[in-house]
> 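One structure is given below, represented as structure tokens, and several questions about it will come after.
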Amino acid sequence: MKAKRLILLGPPGAGKGTQSQRLVDELGIPQVSTGDLLRAGRKAGTDLGNQAKAYMDAGKLVPDSLVLALVEERLGEKDAREGYILDGFPRNEAQAKALADRSIEIERVVNLAVPDEELVRRLSGRRVCRDCGASFHVDFHPTKVEGTCDRCGGETYQRKDDTAEVIQSRLGVYGEQTQPLIAYYGERGVLRTVDGTGEMEAVYRAILEALEL
Ligand code: AP5
């Protein structure tokens with residue numbers, strides 16, 4: 001099977017962004033990260049970005065109506081015709097149903113399983129590039145030059161929602177609203193769970209196996 005419409009599911013910090021970046025190169029399809037799209041909207045000062053700000057800074061989900069409008073627009077772009085990797089979407093059952101209502105058939109959902117303690121370690125040490133969004137970690141995946149993105153040379157920074165308090169809020173929201181999607185996609189026969197705790201390379205190999213690539 002050549003899976004082309006994929007979802008990377010998992011808690012904050014599970015490695016969805018990190019692994020999506022590699023899959024983009026392997027599969028030649030774009031990563032569609034609702035978190036990145038919302039952050040781009042904030043940076044550009046769009047209405048949607050401004051409305052999303054308070055929710056994101058508190059670690060809460062942005063209202064479905066805003067996110068769905070964003071996804072609808074992005075999936076309509078030319079580069080998404082051959083498929084895409086959804087990262088951070090859907091995040092609750094209403095969003096999953098909205099995808100299904102549009103007759104979008106998802107070939108594979110890869111669930112990255114990582115325990116909370118490790119997620120906290122990953123999120124609190126994460127650094128992200130302001131320009132290209134690449135994700136690094138001060139201990140597990142440091143940039144070659146401190147503060148400078150290896151990929152594009154942009155400046156790296158710590159996300160505002162990667163503080164101890166907001167991380168706890170995000171983990172709570174994940175457990176209440178996103179985790180039920182594991183059962184939702186499991187019932188539809190498309191879910192594969194991958195152990196996300198190993199080295200990045202090992203996790204990547206396990207994802208390719210789950211995708212039967
Ligand atoms: P979003 O940007 O989607 O954040 P998230 O889901 O919380 O996920 P993260 O980006 O934090 O983690 P990740 O799994 O991508 O991990 P990463 O690869 O970076 O969303 C942010 C906010 O936007 C939400 O809180 C919400 O407000 C809003 N939002 C977004 N989508 C929405 C939606 N659909 N509906 C409503 N609201 C929405 O890795 C983390 C760190 O670990 C990195 O430093 C990385 O280098 C390191 N790492 C990765 N893999 C490994 C490994 N195997 N070993 C060691 N370190 C590793």
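The figures that follow rest on heavy atoms only: side chains count, while hydrogens, waters and symmetry mates do not. When a ligand or atom number is given, it counts from 1 through the structure's own listing order.
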> Counting only heavy atoms from other residues, nucleotides and ligands, does the tally under 6.0 Å from CD of Glu201 exceed 12?
yes
> Quick check on Glu82: does its CD atom have over 12 non-hydrogen neighbours (other residues, nucleotides or ligands) under 6.0 Å away?
no
> By number and element, which atoms of ligand 1 are closer than 4.0 Å to a non-hydrogen atom of Lys60?
26 (C), 27 (O)
> Taking only non-hydrogen atoms of Pro90, do any sit less than 4.0 angstrom from ligand 1?
no
> Could you tell me whether Glu93 and Lys97 make a salt bridge, using a distance below 4.0 angstrom between a side-chain N and a carboxylate O?
yes
> For Asp25, I'd like to know if atom CG has over 12 heavy atoms of other residues, nucleotides or ligands within 6.0 Å.
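More than 12 heavy atoms, drawn from other residues, nucleotides or ligands, come within 6.0 Å of this atom.
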> Mind checking whether Gly13 has a heavy atom under 4.0 Å from ligand 1?
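Heavy atoms of Gly13 do come under 4.0 Å of ligand 1.
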> Determine, considering heavy atoms only, which of Gln95, Met56, Lys53, Arg42 sits nearest to atom 22 (C) of ligand 1.
Met56
> Which residue holds the protein heavy atom closest to atom 31 (N) of ligand 1, what is that atom called, and what is the gap in Å?
Thr34 OG1, 2.7 Å
> Mark up the atoms of ligand 1 that fall under 4.0 Å of a heavy atom belonging to His137, in ascending order.
44 (O), 46 (O)
> Would you say Glu73 has more than 12 foreign heavy atoms packed within less than 6.0 Å of its CD?
no
> Any N or O on Val62 sitting closer than 3.5 Å to an N or O of ligand 1?
yes
> Which residue in the set Leu99, Thr34, Ile104, Leu9 passes side-chain contact (heavy atoms from CB on, under 4.5 Å) when paired with Leu86?
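With Leu86 as partner, side-chain contact (heavy atoms from CB on, under 4.5 Å) holds for just one option, Leu99.
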> With only distance considered, is Gly198 within less than 3.5 Å of ligand 1 through an N or O on each side?
yes
> Report, in ascending order of atom number, the atoms of ligand 1 lying under 4.0 Å from any heavy atom of Thr18.
17 (P), 18 (O), 39 (O), 45 (C), 49 (C)
> For atom 29 (N) of ligand 1, find the nearest protein heavy atom and state the residue, atom name and distance (0.1 Å precision).
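Nearest protein contact, heavy atoms only, for atom 29 (N) of ligand 1 is Leu38 CD1, 3.5 Å.
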> Taking the side chain as C-beta and beyond, is there a heavy-atom pair between Pro115 and Thr197 under 4.5 Å?
yes
> Is there a polar contact, in the sense of an N or O pair closer than 3.5 Å, between Gly17 and ligand 1?
yes
> Can you list the atoms of ligand 1 that are under 4.0 Å from a heavy atom of Phe140?
55 (C), 56 (N)
> Quick check: is Leu61 connected to Leu48 through a chain of hydrophobic side chains (ILVMFWY, heavy atoms under 4.5 Å apart)?
no
> For ligand 1, find out whether one of its N or O atoms is nearer than 3.5 Å to an N or O atom of Arg91.
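For ligand 1, there is an N or O atom that lies under 3.5 Å from one belonging to Arg91.
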> May I ask you to identify the nearest protein heavy atom to atom 4 (O) of ligand 1, giving residue, atom name and distance to one decimal place in Å?
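Result for atom 4 (O) of ligand 1: Arg159 NH2, 3.3 Å.
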> Under 4.0 Å, heavy atoms only, figure out whether ligand 1 is touched by the backbone of Leu112, its side chain, both or neither.
neither
> Starting from atom 8 (O) of ligand 1, locate the nearest protein heavy atom and write down its residue, its atom name and how far away it is, to 0.1 Å.
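So the nearest neighbour among protein heavy atoms is Lys16 NZ, 3.2 Å.
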> Test your reading of the structure: does Gln19 have an N or O sitting under 3.5 Å from an N or O of ligand 1?
no
> Under 6.0 Å from the six-membered ring centre of Tyr174 and within 45° of its axis: does the NZ or CZ of Arg170 meet both?
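No.
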> Taking only heavy atoms of Gly88, which atoms of ligand 1 are found under 4.0 Å from at least one of them?
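Selected atoms, number and element: 31 (N), 32 (C), 33 (C), 34 (N).
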> Tell me whether Val110 shares a hydrophobic cluster with Met200, the cluster being built from Ile, Leu, Val, Met, Phe, Trp, Tyr side chains joined at under 4.5 Å.
no
> With side chain to side chain contact (heavy atoms under 4.5 Å, CB included) as the criterion, how do Arg127 and His137 come out once you've worked through the C-alpha distance, each side chain's angles and the decisive distance to 0.1 Å?
CA-CA 6 Å; Arg127 297 293 180 271; His137 191 281; over 6 Å; no
> Nearest heavy atom to atom 50 (N) of ligand 1 wins, so pick from Glu118, Gln21, Arg122, Arg121.
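It is Arg122 whose heavy atom sits nearest to atom 50 (N) of ligand 1.
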> Evaluate Phe136 for polar contact with ligand 1, using N/O atom pairs at a separation under 3.5 Å.
yes
> Decide yes or no for Leu6 and Leu27: does some side-chain heavy atom of the first lie under 4.5 Å from some side-chain heavy atom of the second?
yes
> Salt-bridge test for Arg74 and Asp36: reply yes if a basic N is under 4.0 Å from a carboxylate O, no otherwise.
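The answer is no: the pair does not qualify as a salt bridge.
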> Under 3.5 Å between any N/O of Ser33 and any N/O of ligand 1: does that happen in this structure?
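So ligand 1 has no N or O lying under 3.5 Å from an N or O of Ser33.
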> Identify the closest protein heavy atom to atom 19 (O) of ligand 1: which residue and atom is it, and at what distance?
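Heavy-atom neighbour on the protein nearest atom 19 (O) of ligand 1: Arg126 NH1, 2.7 Å.
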> How does Leu123 reach ligand 1, if at all, at less than 4.0 Å between non-hydrogen atoms: by side chain, backbone, both, or neither?
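Side chain only.
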> What protein heavy atom sits nearest atom 16 (O) of ligand 1, and how far away is it?
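Ranked first by proximity to atom 16 (O) of ligand 1 is Gly15 N, 3.3 Å.
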> Are any non-hydrogen side-chain atoms of Val114 and Arg122 less than 4.5 angstrom apart?
yes
> Hey, does Arg127 come in under 3.5 Å of ligand 1, counting only N/O atoms on both sides?
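No; the residue has no nitrogen or oxygen that sits under 3.5 Å from a nitrogen or oxygen of the ligand.
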> Suppose we measure from atom 43 (C) of ligand 1 to each protein heavy atom; which comes out shortest, and what is that distance?
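Residue, atom and distance for the closest contact: Ser135 OG, 3.4 Å.
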> Is it true that, when you exclude Tyr204 itself, more than 12 heavy atoms of the residues, nucleotides or ligands shown sit nearer than 6.0 Å to its OH?
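Yes.
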> With only distance considered, is Asp36 within less than 3.5 Å of ligand 1 through an N or O on each side?
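By distance alone, the answer is no.
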> Between Ala14 and ligand 1, does any nitrogen or oxygen pair lie at a separation below 3.5 Å?
yes
> Does a sphere of radius 6.0 Å around CD in Glu209 hold more than 12 heavy atoms from other residues, nucleotides or ligands, not counting ones at 6.0 Å or beyond?
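Open: at most 12 neighbouring heavy atoms sit under 6.0 Å from CD of Glu209.
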> Please state which protein non-hydrogen atom is closest to atom 48 (N) of ligand 1 and give its distance, to 0.1 Å?
Met200 CE, 3.7 Å
> Run the salt-bridge test on Glu199 and Arg205 with the 4.0 Å N-O cut-off and return the result as yes or no.
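Arg205 and Glu199: not salt-bridged.
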> Side chain of Lys16, backbone of Gly88: donor and acceptor closer than 3.5 Å?
no
> Quick one: does ligand 1 sit under 4.0 Å from the side chain of Val67, the backbone, both or neither, non-hydrogen atoms only?
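The side chain, only.
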> List ligand 1 atoms under 4.0 Å from Arg39, heavy atoms only on the residue side.
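Counting atoms of ligand 1 from 1, those under 4.0 Å from Arg39 are 2 (O), 21 (C).
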> Check each of Glu199, Arg170, Glu201 against atom 11 (O) of ligand 1 and report the one with the nearest heavy atom.
Arg170
